[in-house]
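Down below is the structure, laid out as structure tokens.
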Amino acid sequence: MNRMLKPGLYAITDNALTPADQLIAAVEAALQGGATLVQYRDKAGTSAERLRQATELNALCRQANVPLLINDDPELALRVGAAGVHLGQDDCTLTDARRVLGPEAIIGITCHHRLDLARNAKAAGADYLAFGRFYNSATKPGAPPAETTVLTEARALALPITAIGGITTDNAEALIRAGADLIAVVGGLFGGTSEDIRHRAETFTRLVARHHPLFSYSN
Ligand SMILES: Cc1ncc(COP(=O)(O)OP(=O)(O)O)c(N)n1
Ligand SMILES: Cc1ncsc1CCOP(=O)(O)O
Ligand SMILES: [Mg+2]
């Protein structure tokens, strides 16, 4: 895996789920519970709000020594000094994002259920490949469905693999067993009190620890 990417829980924020005044406490709880990667995903805020939130999250994640990725927006990632970006198939190209952020940045790519997209992403220099949605997702109900076999097949590409979509502490194990390094979660993590979030994050972290060969508690 990219030296900054560790197997475990990939905590993804959502503006519709977490009110702005609870965002920092929610991510802090996810980090306390062992999240190894964080994504700031905000589809609604003004650029000023996004800049403020991304700046605060970046400080928090740096303190925890956990990379922060920005969804969709390499310029915002550059501006706040985040570790990288996550890009979908309809976002800017990986080549353009790499030009903005440089060779050290972590760039992850949505591959839905498709190995051809994964091969293209690898060829263009992706740092991880994201597959899903694996289960019904209230956060992104229209995301194309994927089967767990794609996780196993994608191991041959020798890049870190992320699974996403409707993941909860009750259904994550099958994805880790099938080959996911990172379990990316919005609704199954956030929502509820900080105590709830920390507890769920600990459970996801334990599941990866139990079923992933490379997991280490050293982070
Ligand atoms: C880890 C991870 N995987 C997939 C996505 C989805 O990206 P995209 O298809 O661009 O959709 P939006 O998140 O932008 O709505 C993701 N964000 N993170
Ligand atoms: C962004 C995204 N891409 C595919 S499914 C999804 C949403 C993940 O959110 P949840 O964990 O709430 O299903
Ligand atoms: Mg996107």
Side-chain angles (χ1 to χ4, degrees), residues 1-2 4-18 26-27 30 35-45 50 54 57 66-77 82-94 96-97 106-114 117-118 120-121 124 126-148 150-151 154 159-172 174-176 179-192 196-197 200-201 203-204 207-208:
M1 306 225 338
N2 173 308
M4 291 180 70
L5 286 172
K6 299 191 173 102
L9 170 65
Y10 184 176
I12 303 184
T13 70
D14 182 83
N15 54 285
L17 190 59
T18 307
V27 172
T36 60
L37 189 61
V38 174
Q39 180 186 131
Y40 173 59
R41 182 175 181 274
D42 180 306
K43 295 285 184 179
R50 285 164 51 76
L57 281 181
V66 168
L68 172 72
L69 306 189
I70 307 292
N71 188 43
D72 296 342
D73 194 341
E75 278 75 22
L76 181 58
V85 284
H86 181 90
L87 300 175
Q89 294 295 324
D90 298 330
D91 297 320
C92 81
T93 66
L94 200 155
D96 284 348
I106 299 171
I107 303 183
I109 300 291
T110 297
C111 302
H112 301 301
H113 54 285
R114 290 176 47 185
L117 295 179
N120 293 346
D127 295 286
Y128 71 80
L129 309 168
F131 295 95
R133 63 179 167 92
F134 286 97
Y135 307 107
N136 290 337
S137 169
T139 308
K140 202 169 172 79
E147 302 286 338
T148 56
V150 76
L151 297 171
L159 276 181
I161 294 172
T162 295
I164 191 167
I167 304 175
T168 67
T169 51
D170 291 330
N171 62 25
L175 305 175
I176 305 162
D181 299 296
L182 286 149
I183 294 295
V185 191
V186 181
L189 175 63
F190 291 112
D196 296 330
I197 296 167
R200 287 181 212 128
T203 306
F204 281 117
L207 282 170
V208 180

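As the structure lists them, so they are numbered: ligands from 1, and atoms in each ligand from 1.
Polar contact with ligand 1: absent for Ile12 (N/O pair, distance under 3.5 Å). Among the atoms of Gly187, some N or O lies under 3.5 angstrom from an N or O of ligand 2. Where the criterion is an N or O separation shorter than 3.5 Å, residue side chain and backbone included, Ile167 fails it with respect to ligand 2. For ligand 2, the polar-atom distance check against Asn136 finds no nitrogen or oxygen pair separated by under 3.5 Å. Backbone and side-chain nitrogen or oxygen atoms of Asp91 are examined, and one is located within less than 3.5 angstrom of a nitrogen or oxygen of ligand 1. By the 3.5 Å distance cut-off applied to N or O atoms, Ala184 is not counted among the residues near ligand 2. The N/O atoms of His112, backbone and side chain alike, include none that comes under 3.5 Å of an N/O atom in ligand 1.
For Ser137, heavy-atom contacts with ligand 2 shorter than 4.0 Å involve the backbone as well as the side chain.
Counting non-hydrogen atoms of other residues, nucleotides and ligands closer than 6.0 Å to CD of Gln89 gives a total above 12.
The residue from Gln39, Lys43, Arg41 that puts a heavy atom closest to atom 14 (O) of ligand 1 is Lys43.
Checked against Lys43 for a salt bridge (charged side-chain N to carboxylate O under 4.0 Å, His left out), the options Asp14, Asp72, Asp73 give a single hit: Asp72.
When only non-hydrogen protein atoms are considered, atom 11 (O) of ligand 2 lies nearest to Val186 N, 3.0 Å. Here the protein heavy atom with the shortest distance to atom 3 (N) of ligand 2 is Lys140 CD, 3.6 Å.
For the Mg ion (ligand 3), the nearest N, O or S atom contributed by Asp91 is named OD2. If you look at Asp72 and ask which of its N, O or S atoms sits nearest the Mg ion (ligand 3), the answer is OD1.
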